[in-house]
Amino acid sequence: MVRAYDPRVIETKWQERWERDRAYSVDEDPAKPKYYVLEMFPYPSGDIHMGHVRNYTIGDVVARQLTMAGHQVLHPIGWDAFGLPAENAAIKSNTHPAEWTYANIDKQASSFKRMGFSYDWDRTVVTCDEDYYRWGQWIFLEFWERGLVERKSSPVNWCPSCKTVLANEQVLGGGECWRCKSTVEKRELEQWYFKITEYADELLDDLDTLTGWPERVKAMQANWIGRSEGAEVDFTLCDAEGEPTEKTITVFTTRPDTLFGCTFFLLAPEHPLVHELVHGTEYAASVLEVVAAAAKETAVERAMGEREKRGAFTGRYVVNPVNGEKVPVWVADYVLMEYGTGAVMAVPCGDQRDFEFARAYGLPIPPVVLPEDDPALESLREVRERVVDDVTWECAYDGPGIMVQSGTFTGMPTGKGGTGVAAVTRWLEDRGKGRFAINYRLRDWLISRQRYWGNPIPAVHCSACGLVPVPERDLPVRLPPEVDITKGETLADHPEFYETTCPSCGGPARRETDTMDTFTCSSWYYLRYCDARNEQAIWDSAKAGYWMPVDQYIGGIEHAILHLLYSRFFTKVFRDMGLVSFGEPFTRLLTQGMVRKDGDVMSKSKGNVVAPEDMIAEFGADALRAYILFMAPPDKDLEWSREGLEGMYRWLGRVWRLVSEVAEVTAVGCGVATAADLESKALHREMHRVIGKVSDDISRFQLNTSIAAMMELTNAAYEYRNNVAPGARDRALERSVAESLTLLLAPYVPHMAEELWSGVLAAEGSVHRQGWPAFDAAAAAADEVEMAVQVNGKVRGRVTVAADAAEEQVIAAALEAVAGHLEGKEILKTVVVAGKLVSVVVR
RNA sequence: GCCCGGGUGGCGGAACUGGCAGACGCGCCGGUCUCAAAAACCGGUGGCCGAAAGGCCGUGCGGGUUCGAUUCCCGCCCCGGGCACCA
């Protein structure tokens, strides 16, 4: 009588043994090819959820399979432990953030162990540990020395609920805080920045080298960086009497070829020049009204997009450099101070926004670019000076075409590559009135946070010396544990923390009390894993050189911009510092889909959460692992189904019984499968087909179909058992199938496979130390194939032929099989697709 | 508006670079075992017509290329996501 499958007993047993044996600790081994599998490290929020199960199971299967396939695999884990939720939870439960954080880490760590994840626990990093965050401070100082740190005052995003500023990347589409979803406000504040814009070009260009990344992630980053090429153009400002002054205002435009169509000039309401221009004039009242209305707008209203555009004339003019025309300067609420220069040349014929504005305020709209097939082109092409002051169009034309009413450029194509663009830019450059320019949407990364539970910024404010970095020898700046978060305290409430002396002059000074954005901590943890316990350096470059870059990174799409962009930036700086020799940290990226239930993402607020711990208790971690991989491809969303999990548990039971039954009548080394008869041959072939399929599927992350293939092998083995009398069975073959199946299953259901291997089958060593089953193409090849026969594109019959049959033989057999459909017809053509089908065309 | 995904049975999903659509699982239906149930095992399961053999239809919609299209091309529709008054 075979023992029943009991995951509870098996799983605990092996988990204890793996932990005792430090079974998954690795070191560098130059003799083996390395592979670094990394899942985005978790925030210690408490209980694990299905998203964790999915993310970490995918990585675990890859890590385990590659280990069996002969790679030296690094598969670490750690915790992104600083951050606001710890503060909020501490306030709620009247504890300290550290207490809450470490308790949750313990909780999650034991859940991960219950899932059977093969982590190297000796390399664990926790970002709120002093021996981790001190290196974060060291990075800050290095960045500072390289001129990548800046403290400046500008309008920033402020979350009133989190009581801190946020980076642009942390403000969601509707102007909401990424963490608490409150509407953010704009405030003018002095803050710390990392100059990520210095790497904008590289961050964009290198996306092309990331062939192992999903298109959509690259598209999102490219979108976010938002590079546009064009020109800067200098407009001369006129005085109140309309006479040109020495002063110029520069604009950025992507369409210098439309410069002749500029009939007015716009300033953002926040533009510093606005007040100066209208001060004491009759235009002041209406202009300031526009300015005030714009200031009142919240980020949400601004994000609403196209609304009615408002503006007011300032009473001043600027000179258009290409034609010397004086055009009026207006203030308009659709001009953004954050982008470009905060000033815009308005070309109403070519820009829909300018078009609408011109219509609303009665400004002229002369055409300067016409589509190539426009009938008006004939009469306008030769005209050098302007003759048409207003178009009859319904909307602006921003496509390519022929330049008209554009002085010496008239008749020139704007061109796909920008012929007119280049010509006008050169013209401006020659006269010192403009230049080629590139603009980015990307802003510098605001990294300071007015919160306690974070990495202190190692800087000192000295009234004599200004901003002074904390010397490296004084690191770390310790985060004092005595801050009482339940009373709303921050570092700024603790004089014993901030009262200090200036490292430069020795005089009294004030320590910086802001902490760093948690995303600074997660931008380099993958490198620290390579040498997690190093106390002398951030990491040993030989060790990082061995393991890095990460071969396969796995995580949620929510980090498509945030974490992934920041980490790429850090890596490029590390490269420039000589700390690493590569510029991209993650060679391949997989963004796993979400786990849904009843159509919604699982969440506490929706009340549709299925707790992994409950499922483990009921069906075991192995069934849960296999289930979550089987239900959908890893990158697609997955709809939770309890029935599906039950089905997976059933299959594992089937495998268990199959292997157990075979083990009862066979022994290790019971001989080589002869596979003499037809049934045995078929099973032998199926075994090799599945070995090939599973190996291939794993390499392409088609984990769902790899499990389907193992189910097929299970079904084939059962069919063999049911159809062949016990005495006639090839026992060695059955043994071989059972062993192969167990090996294939090892990465997916590590506990069950281990028990089957070393317990049930009584084979040698740990299943996880065995070699991955080798695919034998010859053994997988069939000697006979069934082919479909099509007549005029429809399947009308099928033939079974020898796999190596000559084409003439195949055609002859095929024609015979569909003879009924060929009567009285003329055969025009036959097509043979080897091993698949024969297509006959008749008339 | 721009940029990415995606539309296949009752459901989740298969189908490598154009080659038998629906693998595998769930669900459902029928059977074996049982006093009965559960478990397990066996069989069936895209739609329509048919007793069956078989036939016709079928991968969001409309065209096209091809002996052959879920796959390639053109034109749409719908769903999800990112960015968005970015000059």
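Proteins get letters first, then strands, A, B, ... in listed order; numbering begins at 1 in each. None of the values given here were measured: they were computed from a predicted structure.
Atoms CG (A:Leu638) and P (B:rC26) sit 15 Å apart, rounded to a whole Å. Between A:His821 atom NE2 and B:rG54 atom P the separation is 10 Å, expressed in whole Å. Atom P of nucleotide B:rG27 and atom CD of A:Glu639 are separated by 15 Å, given to the nearest angstrom. Atom CD1 in A:Ile561 sits roughly 15 Å away from atom P in B:rG81 (whole-Å rounding). In this structure, A:Arg654 places its CZ atom 10 Å from C1' of B:rA40, rounding to the nearest Å. In this structure, A:Gln221 places its CD atom 14 Å from C1' of B:rC3, rounding to the nearest Å.
When Watson-Crick and G-U wobble pairs are counted only if both distances are under 3.5 Å, B:rG9 pairs with no nucleotide at all. Look at B:rC41: its Watson-Crick or wobble partner, with both distances under 3.5 angstrom, is B:rG31. The pairing partner recorded for B:rC76 is B:rG60, the criterion being a Watson-Crick or G-U wobble arrangement whose two distances lie under 3.5 angstrom.
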request  = Could you please spell out the steps behind the side chain to side chain contact (heavy atoms under 4.5 Å, CB included) verdict for A:Val331 and A:Leu266?
outcome  = CA-CA 5 Å; A:Val331 166; A:Leu266 301 170; over 6 Å; no

request  = List the steps and the verdict of salt bridge (charged side-chain N to carboxylate O under 4.0 Å, His left out) for A:Glu356 and A:Arg359.
outcome  = CA-CA 5 Å; A:Glu356 286 165 21; A:Arg359 278 284 151 89; over 6 Å; no

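In this structure, A:Ser706 contributes its side chain and A:Ile698 its backbone to no donor-acceptor pair below 3.5 Å. The backbone N or O of A:Arg625 sits nowhere less than 3.5 Å from a side-chain atom of A:Thr57 that would complete a donor-acceptor pair. A donor-acceptor pair is defined here as one N or O able to donate and one able to accept, closer than 3.5 Å; no such pair exists between the side chain of A:Asp257 and the backbone of A:Thr414. With hydrogens and angles ignored, the 3.5 Å screen pairs no side-chain donor or acceptor of A:Arg654 with any backbone N or O of A:Tyr649.
Here A:Gln702 lies in heavy-atom contact (under 4.0 Å) with sugar-phosphate atoms only. Residue contacts for A:Arg843: at a heavy-atom cut-off of 4.0 Å it reaches no nucleic acid atom on any strand shown. Residue A:Pro633 is classed as a sugar-phosphate contact, given heavy-atom separations below 4.0 Å to backbone atoms only.
Checked by distance alone, A:Gln790 brings a side-chain donor or acceptor within 3.5 Å of a matching partner on the base of B:rG19. The base of B:rC20 sits within donor-acceptor range of the side chain of A:Arg798, with an N or O pair under 3.5 Å. Taking only distance into account, the side chain of A:Lys309 meets the base of B:rC85 through a donor-acceptor pair shorter than 3.5 Å.
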Between the protein and nucleotides 46-50 of chain B, which nitrogen or oxygen pairs come in under 3.5 angstrom?
none

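Of the candidate nucleotides B:rC56, B:rG19, B:rC41, B:rC56 has the atom lying nearest to any side-chain atom of A:Lys794.
With 3.5 Å as the limit, one finds no donor-acceptor pair spanning the side chains of A:Ser228 and A:Asn439.
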